[in-house]
Amino acid sequence: MAESARVRFAPSPTGELHLGNVRTALFNWLFARHHNGSFILRIEDTDVARSSEEAERAILEGLRWLGIDWDEGPGKEGSLGPYHQSDRLAIYRSHATRLLDSGLAYHCYCSSERLEEMRREQRRRGRPPRYDRRCRALTDADREGYESEGTEPVIRFMTPRQGETSFRDLLRGEISFANDTLDDFVIMKSDGYPTYHLASVVDDHLMEVSHVLRADDWIPSSPRHVLLYRAFGWDPPHFVHLPLILDKAGGKLSKRQGDVSVADYKQNGYLPEALVNYLALLGWSPGDTQEILSAEDLIDRFTWDRISVSPAVFDLERLNWFNRWYIRHLPVDRMAHAVAPYLREAYGREEQSEDTAYSPAEWLKLLVDNVREEVDSLGQIPAHVAFAFIDELAYTGEAAEAMRAPAAGEVLAAFVDKVRSLEILDIAAANTVLQNLRALLKERRNLGAREVMFPIRAGLTGSVHGPNLAAVIALLGRDRCIRRVTQLQSSFSR
RNA sequence: GCCCCCAUCGUCUAGUGGACUAGGACACCACCCUUUCAAGGUGGCGACGCGGAUUCGAAUUCCGCUGGGGGCACCA
């Protein structure tokens with residue numbers, strides 16, 4: 001590819017940033033970065049009723065969070081802007097007029113009621129729903145009549161009745177459509193805004209887009225776009241249609257079954273690098289067995305010819321695996337920073353370090369470092385560390401059983417003794433305590449490791465599962481450990 | 001209904017006529033490790049949709065079928 005790579009992501013701000021859209025954005029971005037080209041962000045806000053600034057903000061925020069940056073677009077006006085289609089209406093109008101003047105487009109005054117009725121009838125007769133081109137044959141008198149009634153027309157493209165229109169998809173080769181399966185589609189709406197077809201073709205040309213990477217479901221529209229390029233006398237860009245992302249049920253990924261918006265994943269504690277890594281591998285592969293790929297790796301290795309053509313099912317389990325990997329490998333201070341908001345939300349505070357051997361920051365890091373291996377996402381962390389924030393423990397059945405063990409009382413008493421004798425209870429000291437306790441009780445009562453560890457863990461946390469026990473002890477600190485166990489002992493003796 | 005796209009383990013995929021008793025990853029199962037859970041290690045389960053054709057030889061090429069998906073708006 002000798003020519004420069006200019007690609008774009010062109011979302012319409014009508015809702016959340018959808019995973020499918022993100023994947024499209026990601027592939028475009030990787031393509032641009034790999035080829036040292038440009039990645040353009042264009043906001044397709046031509047649907048006045050559905051577009052909102054809030055949705056646009058969410059999209060920009062989502063992209064930024066994922067690290068997908070743009071070279072031209074909102075906040076980065078380049079020479080080929082503006083990058084909101086609503087700011088380009090004059091451009092579309094003049095181009096529509098050009099087609100009108102050259103007889104390749106015409107005004108259509110048909111009401112939406114008539115069009116709906118027409119389509120209903122066509123479907124009823126088992127015919128494909130298509131515009132019947134009635135307004136192609138309007139006389140000047142007809143037109144004047146409509147105009148005097150105040151009817152605002154749309155502008156339709158005059159699609160050839162005969163022949164076929166084909167285009168080359170880089171991955172699939174030649175795809176052709178018989179022109180009679182296309183109809184005279186609308187290019188300008190009656191509110192003066194262009195439709196997607198016109199706007200995207202005009203913009204892609206004017207913004208000098210070299211490659212259009214977009215989702216599969218655009219294939220049926222592509223011949224219309226090719227027709228428009230030709231009508232304007234332009235060369236179409238290269239097309240690469242990306243396979244759709246399907247849900248578990250095999251349909252197009254949509255709301256209702258699970259989270260589909262990036263904001264949801266962000267909120268639930270998925271790391272951007274995990275999402276990027278997972279999404280990059282949905283419909284693309286590096287060609288070897290490497291699974292963990294950083295953004296740099298992806299940029300380095302991304303080429304369009306390794307994009308697959310068959311649809312891919314979104315698999316949360318696999319995303320979770322990537323997220324777990326990145327959670328485990330993130331530097332601990334970054335992890336602490338990322339986890340803090342979740343703790344604050346759940347407990348109103350992000351640490352509980354008073355009366356421990358640690359500073360607040362150290363305490364948080366110790367906590368995070370010891371719990372990170374147990375969760376799929378950051379959002380699950382608060383539930384795993386309740387023992388460190390809440391003193392009223394709810395004991396699980398297993399925990400109660402562990403404390404009912406014959407030696408449990410003796411184990412806990414010995415534990416409190418050891419802890420009481422300490423000045424500083426950090427993780428090293430806690431480990432020493434546990435080691436000594438094991439040796440002592442092995443000698444005295446021939447107890448195994450579990451018989452020692454389980455009652456202590458259960459008494460301290462209310463559960464027999466959880467982070468490393470020495471860490472638990474260090475996180476609670478000397479006084480809380482003693483308090484929890486003695487409370488337990490008094491309730492037993494009652 | 002019409003048009004278009006797609007088809008390898010349950011899922012993501014490698015594979016571009018012979019190196020395929022089809023490789024890797026997720027999930028699942030077993031074992032090991034172990035201070036619980038997890039992580040890690042080892043092993044296991046598990047796929048070329050069907051039928052023709054081309055070829056000495058097809059997962060790989062061609063045709064048909066079947067199946068799945070998408071599109072058919074003054075939404076993108």
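Below, read A as the first sequence line, B as the second, and so on, with proteins coming before strands; counting in each chain starts at 1. Any value given below was found using the heavy atoms of this structure, including those in side chains, with hydrogens, waters and symmetry copies removed.
Defined by atom type and a distance below 3.5 Å, a donor-acceptor pair is present between the side-chain atoms of A:S222 and A:H241.
Between A:K252 and A:D247 no salt bridge is recorded (no basic side-chain N to carboxylate O distance below 4.0 Å). Comment: A:K248 engages A:D315 in a salt bridge, judged by a side-chain N to carboxylate O separation of less than 4.0 angstrom. Between A:E373 and A:R324 no salt bridge is recorded (no basic side-chain N to carboxylate O distance below 4.0 Å).
Nearest to the side-chain atoms of A:K189 among the listed nucleotides B:rC5, B:rG70, B:rC75 stands B:rC75. Which of B:rU13, B:rC75, B:rC6 sits closest to the side chain of A:S310 comes down to B:rC6. Taking every side-chain heavy atom of A:R172 into account, B:rC5 is the closest of B:rG71, B:rU11, B:rC5. Taking only side-chain atoms of A:D217, from C-beta outward, the nucleotide of B:rC37, B:rA14, B:rG71 with the closest atom is B:rG71. Between B:rA76, B:rU35, B:rG1, one nucleotide has an atom nearer to the side chain of A:H197 than all others, and that is B:rA76. Side-chain atoms of A:W218 lie closest to B:rA76 of the nucleotides B:rA76, B:rU13, B:rU36. Here B:rC74 is the nucleotide among B:rC74, B:rU13, B:rA7 with the atom lying nearest to any side-chain atom of A:R156. Taking every side-chain heavy atom of A:P129 into account, B:rG1 is the closest of B:rC5, B:rG1, B:rA14. Across B:rU13, B:rC74, B:rU11, the shortest atom-to-atom separation from the side chain of A:V154 is found for B:rC74. Closest to the A:V309 side chain, of the nucleotides B:rA25, B:rA7, B:rC5, is B:rA7.
Contact annotation: A:R125 does not reach the phosphate of B:rG1 (side-chain N/O to OP1 or OP2, under 4.0 Å). For the OP1/OP2 pair of B:rA76 and a distance below 4.0 Å, the side-chain nitrogens and oxygens of A:T14 include no atom meeting the criterion. The phosphate of B:rA73 (OP1 or OP2) has a side-chain N or O of A:R119 nearer than 4.0 angstrom. Considering only side-chain N and O atoms, A:T46 lies nowhere under 4.0 angstrom from the phosphate OP1 or OP2 of B:rC75.
Atom pair A:R114:CZ and B:rC74:P shows a separation of 12 Å (rounding to whole Å applied). Rounded to an integer number of Å, the gap from CD of A:Q85 to P of B:rC75 is 13 Å. The interatomic distance linking A:D216 (CG) with B:rG71 (P) rounds to 10 Å, in whole Å. Between A:R8 atom CZ and B:rA76 atom C1' there is a gap of 11 Å when expressed in whole angstrom units. Distance OH (A:Y92) to P (B:rA76): 11 Å, rounded to an integer number of Å. Atom OH of A:Y193 is separated from atom C1' of B:rA73 by 19 Å (rounded to the nearest Å). When rounded to the nearest whole Å, the span between CD1 of A:I219 and P of B:rC2 equals 20 Å.
Note that the CZ atom of A:R93 and the CG atom of A:L100 stand 13.5 Å from one another [nearest 0.5 Å]. If you take CD1 on A:I245 and CG on A:L279, they are separated by 5.5 Å, rounding to the nearest 0.5 Å. Here the straight-line distance linking atom CE of A:M188 with atom OH of A:Y92 works out to 9.5 Å at 0.5 Å rounding.
A:S190 comes within contact range of at least one nucleobase, with a heavy-atom separation under 4.0 Å. Within the 4.0 angstrom heavy-atom criterion, only backbone atoms of the sugar-phosphate kind lie near A:E317; the bases stay farther away. Across all strands shown, A:G466 has heavy atoms under 4.0 Å from base atoms, whether or not it also approaches the sugar-phosphate. Among the heavy atoms of the strands lying under 4.0 Å from A:L434 is at least one base atom, whether or not backbone atoms are also near. No contact: A:R124 has no heavy atom under 4.0 Å from any strand. As judged by a 4.0 angstrom heavy-atom cut-off over every strand, A:P11 is placed among residues making no nucleic acid contact. Counting non-hydrogen atoms under 4.0 angstrom, A:D376 reaches nothing in the nucleic acid.
Place A:D183 and A:S176 on RNA chain B by their nearest nucleotides, and A:S176 ends up nearer the 5' end. The residue among A:S308 and A:L246 whose nearest nucleotide of RNA chain B is located toward the 5' end is A:S308.
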Which pairs, protein N/O on one side and nucleotides 39-50 of chain B N/O on the other, fall under 3.5 Å?
from   : atom 1 : to     : atom 2 : distance (Å)
B:rA39 : O3'    : A:R328 : NH1    : 3.3

Pairwise N/O distances under 3.5 Å, protein to nucleotides 60-66 of chain B:
none

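A cation-pi geometry, defined here as NZ or CZ lying under 6.0 Å from the six-membered ring centre and within 45° of its normal, does not hold between A:R133 and A:Y131.
In this structure, B:rA73 makes no Watson-Crick or G-U wobble pair, since no nucleotide meets both defining distances under 3.5 angstrom. Across every strand in view, B:rA25 sits in a pair with B:rU11 that passes the Watson-Crick or G-U test at under 3.5 angstrom. Applying the Watson-Crick and G-U wobble criteria (two distances, each under 3.5 Å), B:rG49 pairs with B:rC65. The base-pairing partner of B:rC33, taking Watson-Crick or G-U wobble contacts with both distances under 3.5 Å, does not exist among the strands shown.
At least one donor-acceptor pair under 3.5 Å links the side chain of A:R156 to the backbone N or O of A:D184.
One cannot find a donor-acceptor pair under 3.5 Å joining the base of B:rC3 and the side-chain atoms of A:T181.
A gap of 25 Å separates the P atoms of B:rU13 and B:rC4, to the nearest Å. Here the separation of B:rG64 from B:rC45, taken at their C1' atoms, is 35 Å to the nearest Å. Look at the C1' atom in both B:rA7 and B:rG18: the space between them is 24 Å, to the nearest Å. Comparing the P positions of B:rA25 and B:rG40 gives an interatomic distance of 11 Å, to the nearest angstrom. Look at the C1' atom in both B:rA14 and B:rA19: the space between them is 15 Å, to the nearest Å. When the P atom is used for both B:rA73 and B:rU54, the distance is 45 Å, rounded to whole Å.
When each of A:R119, A:R124, A:R123 is paired with A:E121, the salt bridge (charged side-chain N to carboxylate O under 4.0 Å, His left out) condition holds for A:R124 and for no other. The side chain to side chain contact (heavy atoms under 4.5 Å, CB included) test with A:F322 is passed by exactly one of A:I292, A:L275, A:V276: A:I292. Each of A:R114, A:E147, A:R134, A:E152 was compared with A:Y109 under the side-chain hydrogen bond (donor to acceptor under 3.5 Å, both in side chains) criterion, and only A:E147 meets it.
Shown here is A:R127, whose CZ atom has no more than 12 heavy atoms of other residues, nucleotides or ligands within 6.0 Å. Counting non-hydrogen atoms of neighbouring residues, nucleotides and ligands closer than 6.0 angstrom, the CD atom of A:E174 exceeds 12 such neighbours.
A heavy atom closer than 4.0 Å to some atom of RNA chain B occurs in A:A449, A:R450, A:M453, A:F454, these being the qualifying members of residues 442-454 of chain A.
For the pair A:H238/A:V212, no side-chain contact is recorded, criterion being any heavy-atom separation below 4.5 Å from C-beta on.
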